[in-house]
Amino acid sequence: HILRAAVWPGGSNKVWGNNVYVTAGPTEDAIPQLPVPFVLVQTGRGQADPTFQDDSQHYELDFEVTLCQAIQNDVIGESPLLGAGRPDETKSRGMGLLELQDRLFDEVSILNQSHGINVQNRARSHIRAGQVSGYGYAVFRDYSFQALIDIARLYPPPLFLKATAASSSS
């Protein structure tokens, strides 16, 4: 939901719009039917088992994110990688994969900051590229993440409170 809600700074245009898909793995036939840029999220291994000495209050989840961008009329792949023909800085059209990658990391960091989930980028694939029917030249990159989640409810104590005089209203 965080990726779907991501907007470009200085505007209200969504980075990926509704082009964020959670999938077990799309078929090659499905890829050309998706509007670009798009994001695929695939969950991987999860672990929380006290039987094998794991902490039952913590859950570990691996997931992979694939980014894709394509820009028409590019025969070598520079435009979808670096960006070209941008209408403005608040729209995804014309942004390169490397610019979209920065937005991906910005959005994942929100999980760390506001949701208390420790997300680490474990690996990035080489950038894959090639002609895709319907797109022209497209570039893809996979990002492997690991999320460490505390499943216990935590209510931190209030800090920096000051005593005030009690008042009554009549």
Side-chain angles (χ1 to χ4, degrees), residues 1-48 58-149:
H1 72 279
I2 288 175
L3 292 178
R4 286 188 178 126
V7 296
W8 287 105
S12 60
N13 296 312
K14 291 186 175 182
V15 176
W16 293 284
N18 294 323
N19 304 334
V20 177
Y21 306 95
V22 178
T23 177
T27 64
E28 292 297 319
D29 295 339
I31 297 293
Q33 298 175 32
L34 302 174
V36 289
F38 67 77
V39 178
L40 302 176
V41 179
Q42 300 173 353
T43 60
R45 174 187 75 81
Q47 176 176 319
H58 300 285
Y59 188 75
E60 181 180 291
L61 176 69
D62 295 336
F63 63 98
E64 188 168 284
V65 173
T66 301
L67 294 183
C68 175
Q69 176 64 305
I71 297 176
Q72 296 287 339
N73 303 321
D74 185 325
V75 295
I76 62 170
E78 181 178 22
S79 296
L81 183 62
L82 301 176
R86 291 183 188 97
D88 66 52
E89 294 295 316
T90 65
K91 294 185 178 161
S92 298
R93 197 175 116 231
M95 294 288 183
L97 181 78
L98 297 178
E99 293 167 298
L100 294 169
Q101 168 185 283
D102 289 344
R103 291 299 308 178
L104 170 67
F105 290 139
D106 288 346
E107 297 308 316
V108 168
S109 73
I110 289 172
L111 290 172
N112 290 341
Q113 296 165 9
S114 65
H115 297 307
I117 299 172
N118 182 4
V119 181
Q120 301 172 358
N121 179 218
R122 307 294 275 182
R124 286 180 250 191
S125 71
H126 290 286
I127 294 174
R128 300 180 314 280
Q131 293 290 332
V132 175
S133 66
Y135 289 161
Y137 206 93
V139 291
F140 301 85
R141 185 176 233 181
D142 300 321
Y143 304 84
S144 296
F145 292 96
Q146 182 177 62
L148 303 172
I149 305 163

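Index from 1, following the sequence.
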Item checked: Any donor-acceptor pair under 3.5 Å from Asn121 side chain to Ser144 backbone -> yes

Notebook entry, point to check: Between Phe63 and Phe145, how do the two ring planes meet: parallel, tilted or perpendicular, split at 30° and 60°?
Noted result: parallel

Next item on the list: Working to the nearest 0.5 Å, report the span between CG of Leu40 and OG1 of Thr66.
Entry: 5.0 Å

Note to self: Does any part of the side chain of Ile127, heavy atoms only, come nearer than 4.5 Å to the side chain of Leu98, both counted from C-beta?
What the structure shows: yes

Next item on the list: To the nearest 0.5 angstrom, please state how far the CD atom of Glu99 sits from the CG atom of Leu67.
Entry: 12.5 Å

Next item on the list: Return yes if a side-chain donor-acceptor contact under 3.5 Å exists between Trp8 and Ser92, otherwise no.
Entry: yes

Item checked: Smallest separation among heavy atoms of Pro35 and Asn19, with atom names -> CG-OD1, 3.2 Å

Check: Can a salt bridge be assigned to the pair Arg103 and Glu107 using a cut-off of 4.0 Å between side-chain N and carboxylate O?
Finding: yes

Next item on the list: Identify the heavy atoms of Val41 and Val20 that sit nearest to each other, and give their distance.
Entry: CG2-CG1, 4.4 Å

Next item on the list: Nearest 0.5 Å please: distance from the CD atom of Glu64 over to the OG1 atom of Thr23.
Entry: 11.5 Å

Note to self: For the backbone of Met95 and the side chain of Gln69, can you confirm whether one donor and one acceptor N or O come within less than 3.5 Å of each other?
What the structure shows: yes

Notebook entry, point to check: Is it true that atom CD of Glu78 has more than 12 heavy atoms of other residues, nucleotides or ligands lying nearer than 6.0 Å?
Noted result: no

Margin query: For Ala138 versus Val132, what's the shortest heavy-atom pair and its separation?
Written below: CB-CG2, 3.8 Å

Note to self: Give me the atom names and distance for the closest heavy-atom approach of Pro80 to Asp74.
What the structure shows: CD-OD2, 3.3 Å

Note to self: Run Asp106 and Val108 through side-chain contact (heavy atoms from CB on, under 4.5 Å) and show every step you take.
What the structure shows: CA-CA 6 Å; Asp106 288 346; Val108 168; over 6 Å; no

Notebook entry, point to check: Can you find a pair of side-chain heavy atoms, one from Gln42 and one from Asp142, that are under 4.5 Å apart?
Noted result: no

Note to self: If I compare all heavy atoms of Leu100 with all of Pro37, which pair ends up nearest, and what's the gap?
What the structure shows: CD1-CB, 3.5 Å

Notebook entry, point to check: Do Glu60 and Gln146 touch side chain to side chain, with heavy atoms closer than 4.5 Å?
Noted result: yes

Next item on the list: Check whether any side-chain heavy atom of Val65 lies under 4.5 Å from a side-chain heavy atom of Val39, and answer yes or no.
Entry: yes

Note to self: Given 3.5 Å as the limit, does a donor-acceptor pair link the side chain of Arg141 with the main chain of Ser125, or not?
What the structure shows: yes

Next item on the list: Output, in order, the C-alpha distance, side-chain angles, deciding distance and verdict of side-chain contact (heavy atoms from CB on, under 4.5 Å) for Leu3 and Leu104.
Entry: CA-CA 7 Å; Leu3 292 178; Leu104 170 67; 3.9 Å; yes

